[in-house]
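Below, each value reflects all heavy atoms present in this structure, side chains not excepted, and no hydrogens, waters or symmetry copies. Order of the sequence lines fixes the chain letters, A, B, ..., with proteins taken first and strands second; residue numbering starts at 1 for each chain.
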Protein chains: 2
Amino acid sequence: MLTDRQLLILRAIVDDYIKTAQPVGSRTLSKRDDVTFSSATIRNEMADLEEMGLIEKPHTSAGRIPSELGYRFYVDHLIRPESITPKEAQALKSLFAHSVNENDRLIRHTADLLSDLTHYTTLVLGPKEEGQRLHHLELIPLAEGRVVIVLVTETGHVEHKTLQLNQALSQEAASRLMERLNQTLRGTPLSALRSRLLEEIRRFRSEHSEQTVLLSKALDLVLTDQEERPFIYLGGKANMFDQPEFQDVAKLRPVLELIEQQEAVLDFLRPNLDNQILITIGSENNVDALKDCSVIRAHYSVDGVSIGTLALIGPKRMDYNRGINSIIHLLQAFQTELHKNNLD
Amino acid sequence: MLTDRQLLILRAIVDDYIKTAQPVGSRTLSKRDDVTFSSATIRNEMADLEEMGLIEKPHTSAGRIPSELGYRFYVDHLIRPESITPKEAQALKSLFAHSVNENDRLIRHTADLLSDLTHYTTLVLGPKEEGQRLHHLELIPLAEGRVVIVLVTETGHVEHKTLQLNQALSQEAASRLMERLNQTLRGTPLSALRSRLLEEIRRFRSEHSEQTVLLSKALDLVLTDQEERPFIYLGGKANMFDQPEFQDVAKLRPVLELIEQQEAVLDFLRPNLDNQILITIGSENNVDALKDCSVIRAHYSVDGVSIGTLALIGPKRMDYNRGINSIIHLLQAFQTELHKNNLD
DNA sequence: GTTAGCACTCACTTTTAACGAGTGCTAATT
DNA sequence: AATTAGCACTCGTTAAAAGTGAGTGCTAAC
């Protein structure tokens, strides 16, 4: 177990390094107001901390920097929850002053706010649509057998897709089909939509089998599409450029390349279990491209249904305090807005 | 006027520099097969070319590199149109093997192809929707006075927006309204849609003034939105990382930042007049962030109308030959596909 | 008009030296 | 027994010096 003094020193090292990006030496620390003991004492303590694997030195004659374990300890034990000031809270509220009707826009807005707040890159995963329910289907025939299918969920989310039938669909046939399907299927969770639709098809096969089969394919496509490429938004990509650790293109490149890849982002963000804030540091990300990054992520949910992820990505030396607090408070405001939009 | 030998040397310098990114010296040139004269002669000619402002030296004891004027001359006079080989043409065709129904996807696909082909970054501006005509409007009431409005053009392009009415709109009212408006407005060019809608509103004011006014606002929003943020797609951003001139973050940053900004891209790409391929080199871009870049851009059009832009962005030292040829041929295939989708 | 020859330039690399922030250890101090 | 002052040592960083070589411009010869 660490002594109080060791805790103080460790915290000071991490805080300092987060601020300056420079290895922290014993002399620097000894000058702090909250440090009453000498640099030699600090050196002794540092040696112990290093032995425990909490800090390390880039080279013999440099100061110390936190190791991944050190950051981990800092995050787990040393962060002061530093509640947001009422003034800031007020400011945060006012950021959502005029509410945003569409969830997509709301998400974008939120991501941008978060990256402005923290100066890190924000990554938001849109709501899983599975949990949502169908509100309306619309089939709009174009010329030459091309058809636009539009799907609206109860939260007002819209998906659409154009597809090519091998025979033209008349306006009348389309609306008859839609009317029936809307009657039957409204309120169906998207996750169950496919199988329900199949049921419907079987039931009405005789009447308009051809179109219905095609339609089912179309819907399949819409649903698959949206499942495979859920809404991802990146905010504050440019903030990466400001981090001293990413001044080297070789360091910067893999990170930017990774977050531009939708699939990679999904793979990376999906396995997020509980509702809490989750912090992964460096190699904990299990992604080589992010070995020098830390990620703070939080699930958001509406009415208990957990639906998407809000993530903050920065260097390992990121300001965890600020990051966590920003994400917590923004998440709250965000969920409130989302809730408004989801009232049905 | 330049002599044949000077042309040969200039071309050799540009070609070489494009390939190696290293200043080209007289000795190097004298070793080429197509050069029969000595390095001293080359030095003399180089001095003349430099006097004319076509080449320059980074410093006294380096070889020569093309000046912007030199690139300009090269592009205007020295490029061999180097027709694509039948094999490549075939390959290009097959890239569009299975046609893509939606223009948006087609554009994305094309951009990715182009950047794969050239190893530069591609920037595609979607078609201006103004020229397109309304095919269908759909108004879908959600709970609590929220309404989704969906607009479909004759080419199958879909725009949608959610808005908040101050009183709920019934399903029936919505469909009555829509039926009438669709009858009247189908085929209206989007550019004329707003004023036409106003007309309609005036005519039917007595019947359902409240909703119609709101609807007009909604449509306004949809149209404005789509005008302000037309479809932009970027392909091959990562290719920038490979260019030796952008290994320095300070050089790379402004370029990446610029192309991420939709408005900036628009400002930059919009004033594109004719149908030809337009090449701007370095400062010709009139954008500070692109002072070290060249841009090859081409308009695309279908049946003479509906115009967007396909652009290739790379270092000044880009392979103009390959770029131009790739864009020309891809443009052709692209337009053919687009044409198929636009048959109405 | 062309070319060989040569002195000169200058970025780049390597070497050397000086610097200084920081360390670890030891002995003195509290 | 814990703390601290003192000091030799390490090592990255910076600056200056020296050497290297690709390339140039000029001149004189062909």
Measure [atom1]/[X] against [atom2]/[N] and give the value in whole Å, please.
X: A/Gln22; N: C/dG20; atom1: CD; atom2: P; answer: 17 Å
X: A/Ile65; N: D/dG12; atom1: CD1; atom2: P; answer: 14 Å
X: A/Asp48; N: D/dT3; atom1: CG; atom2: C1'; answer: 14 Å
X: B/Met46; N: D/dG23; atom1: CE; atom2: P; answer: 9 Å
X: B/Glu51; N: D/dG25; atom1: CD; atom2: P; answer: 11 Å
X: A/Asn44; N: D/dG6; atom1: CG; atom2: C1'; answer: 14 Å
X: A/Asp16; N: C/dA21; atom1: CG; atom2: C1'; answer: 15 Å
X: A/Glu50; N: C/dC25; atom1: CD; atom2: P; answer: 11 Å

- request: Working to the nearest 0.5 Å, report the span between CE of A/Met318 and SG of A/Cys293.
  value: 9.0 Å
message: Considering every strand and a 4.0 Å limit on heavy-atom distances, what is the contact class for B/Thr41: base, sugar-phosphate, or nothing?
response: base
- request: With heavy atoms under 4.0 Å as the rule, sort B/Ala62 into base, sugar-phosphate or nothing.
  value: sugar-phosphate
- prompt: Checking only heavy atoms, does the side chain of B/Ser61 share a donor-acceptor pair with the base of C/dC10 at less than 3.5 Å?
  reply: yes
Closest to the [X] side chain: [options]?
X: A/Ser38; options: C/dG20, D/dA5, C/dT3; value: D/dA5
X: A/Phe37; options: D/dC11, D/dT4, D/dG25; value: D/dT4
X: B/Ala40; options: C/dT23, C/dT2, C/dT3; value: C/dT3
X: B/Thr28; options: C/dT23, D/dC11, D/dG23; value: D/dG23

message: Does C/dT23 have its OP1 or OP2 closer than 4.0 Å to a side-chain nitrogen or oxygen of A/Arg64?
response: yes
- prompt: Given A/Arg72 and A/Glu284, is the salt bridge (Lys or Arg N to Asp or Glu O under 4.0 Å) satisfied, shown in steps?
  reply: CA-CA 10 Å; A/Arg72 170 50 60 201; A/Glu284 292 175 5; 2.5 Å; yes
message: Need to verify one output field. Residue with the more 5' nearest nucleotide on DNA chain C, A/Lys57 or B/Arg43?
response: B/Arg43
task: Nearest-nucleotide wise, let me know which of A/Ser26 and B/Thr60 is further upstream toward the 5' end of DNA chain C.
output: B/Thr60
Ring of [Y], cation from [X] - is the NZ or CZ under 6.0 Å from the centre and inside 45° of the axis?
X: B/Arg317; Y: B/Tyr71; result: no
X: B/Arg322; Y: B/Tyr120; result: no
X: B/Arg5; Y: B/Phe37; result: yes

